[in-house]
There are 2 protein chains.
Amino acid sequence: MTTDKNDTKTKIMDTAEGFIVQGGYNAFSFRDIADAVGIKSASVHYHYPTKADLVSAVMARYTESFSIQLPDPTDESLDPKIMINGFIDGFKAKIVDQRDMSLCTMLTSNKPILPEAVCVELAAFYQLILDWLTQVFMRLNEATEKIGFMQASQLLACLHGASILVQGTNQPDFFDHALSDFRSRYL
Amino acid sequence: MTTDKNDTKTKIMDTAEGFIVQGGYNAFSFRDIADAVGIKSASVHYHYPTKADLVSAVMARYTESFSIQLPDPTDESLDPKIMINGFIDGFKAKIVDQRDMSLCTMLTSNKPILPEAVCVELAAFYQLILDWLTQVFMRLNEATEKIGFMQASQLLACLHGASILVQGTNQPDFFDHALSDFRSRYL
DNA sequence: GTCTATAATTTGATAGAC
DNA sequence: GTCTATCAAATTATAGAC
């Protein structure tokens, strides 16, 4: 089965993603991955020759999973308000419940030291998310693309910032504090 | 002179801060510092025995410099609106003009892998900034501490998030986009 | 206060056996 | 696909001369 969720490649990516959201690109080694998965580091290199390959794959999978889960923003049968709230709740689940930073926030903070291949995947993620949010906000507020894009930027900044604040203060309440005005205005 | 701004300790801290805001705690070595300052790594260890000592000192200096620059929030002769705008502009200068993340944002994202001593300094920074912002917002909106604290949280999240977005997209405009609603509502 | 020298460990990565 | 073995380089840190 090519879509086996328990094969070694998947386990490696899951483990890598876990390490990255904890401390970033430089905070783990191939041996860390190998130990966690229960294989040797040479076997990790067999699946992902270089660290850039591995982290690129993790980031690409992250984008892909968003791409699959996000509903079609032009689907008239869907309420844009519910779409945005679903997006926020998904983010909150990661930040507050799992107490992790998002992969996107973490890798973005490491951008100046990231291999080019990872930066490309990161840029693809931003493109996907900002496009989607822009389209949903355009419908929500019957607004121009420019306005929709501004609101998308605001929400994305709010979410990034909320995750930093929760991490920095250890107080999950900061997530809802940071989002409260945005929610009461648009949602 | 104990306040010499060009002594070796200061050069080391300046260099370390530059490296940290680029890639975080794990993205530089004592040799990187030594090369940039023009000494040997053993000499860096003479001034700061461990990496935890060095980064703690950098973070403590950062907090201290904020502490000195922030005006007294209870000074009735000062306009709270101007105080907040000054705070935002100072942040913007670092993010947009220097194209760096703030030291606080960067180290917070690395928090799970930070030595305890650095976490202590980071917590002290959050305490200082949130207290100051809370007091200024209480005056600005003649609000309770709870409300002031909520607005302080929102602004701080916005600023953190804006810096991530600017970094991730390479578009400085995101800073003002992310802040626009906050500005038009309170400032 | 800075240096040389070096220890002990970790890192990303490869060669080749099974 | 996983292993053992290994490499070259880098890492944090220390000892001791000047």
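Sequence lines set the chain letters: A, B, ... in the order given, protein chains first and strands last, and positions in each chain run from 1.
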Between residues 11-19 of chain B and DNA chain D, which residues have a heavy-atom gap below 4.0 Å?
none

Can you list everything that forms a ring-ring contact (aromatic ring centres under 6.0 Å, His included) with F28(A)? Sequence neighbours excluded, please.
none

Is it true that a side-chain atom of N110(B) and a backbone atom of G24(B) form a donor plus acceptor pair closer than 3.5 Å?
no

Whole-Å distance separating the OH atom of Y46(A) from the P atom of dT2(D)
8 Å

Please list all pairs passing the salt bridge (charged side-chain N to carboxylate O under 4.0 Å, His left out) test where one or both residues lie in residues 167-178 of chain B, with sequence neighbours left out.
K92(B)-D176(B), D176(B)-R183(B)

Selection residues 16-41 of chain B - residue pairs positive for salt bridge (charged side-chain N to carboxylate O under 4.0 Å, His left out), sequence neighbours left out
E17(B)-R61(B), E17(B)-K94(B)

Which residue pairs pass the side chain to side chain donor-acceptor pair (under 3.5 Å) test when at least one of the two sits in residues 76-88 of chain A, sequence neighbours left out?
D75(A)-S77(A)

Under 4.0 angstrom between S43(A) side-chain N/O and dG1(D) OP1 or OP2
no

Residue pairs, two or more places apart or on separate chains, that pass salt bridge (charged side-chain N to carboxylate O under 4.0 Å, His left out) and touch residues 122-148 of chain A
none

In the 5'-to-3' direction, what one-character label does each nucleotide of nucleotides 7-18 of chain C receive under the scheme B = base within less than 4.0 Å of a protein heavy atom, S = sugar-phosphate only, - = no such atom?
----BBBBB---

Residue set satisfying side chain to side chain donor-acceptor pair (under 3.5 Å) with T50(A), at least two apart, ordered chain then number -> D53(A)

Quick one: salt bridge (charged side-chain N to carboxylate O under 4.0 Å, His left out) partners of D181(B), sequence neighbours excluded?
R185(A)

Roughly how many Å is it from NZ in K9(B) to P in dG1(C), rounded to a whole number?
8 Å

Output yes when at least one side-chain N/O atom of T8(B) is less than 4.0 Å from OP1 or OP2 of dG1(C), else no.
no

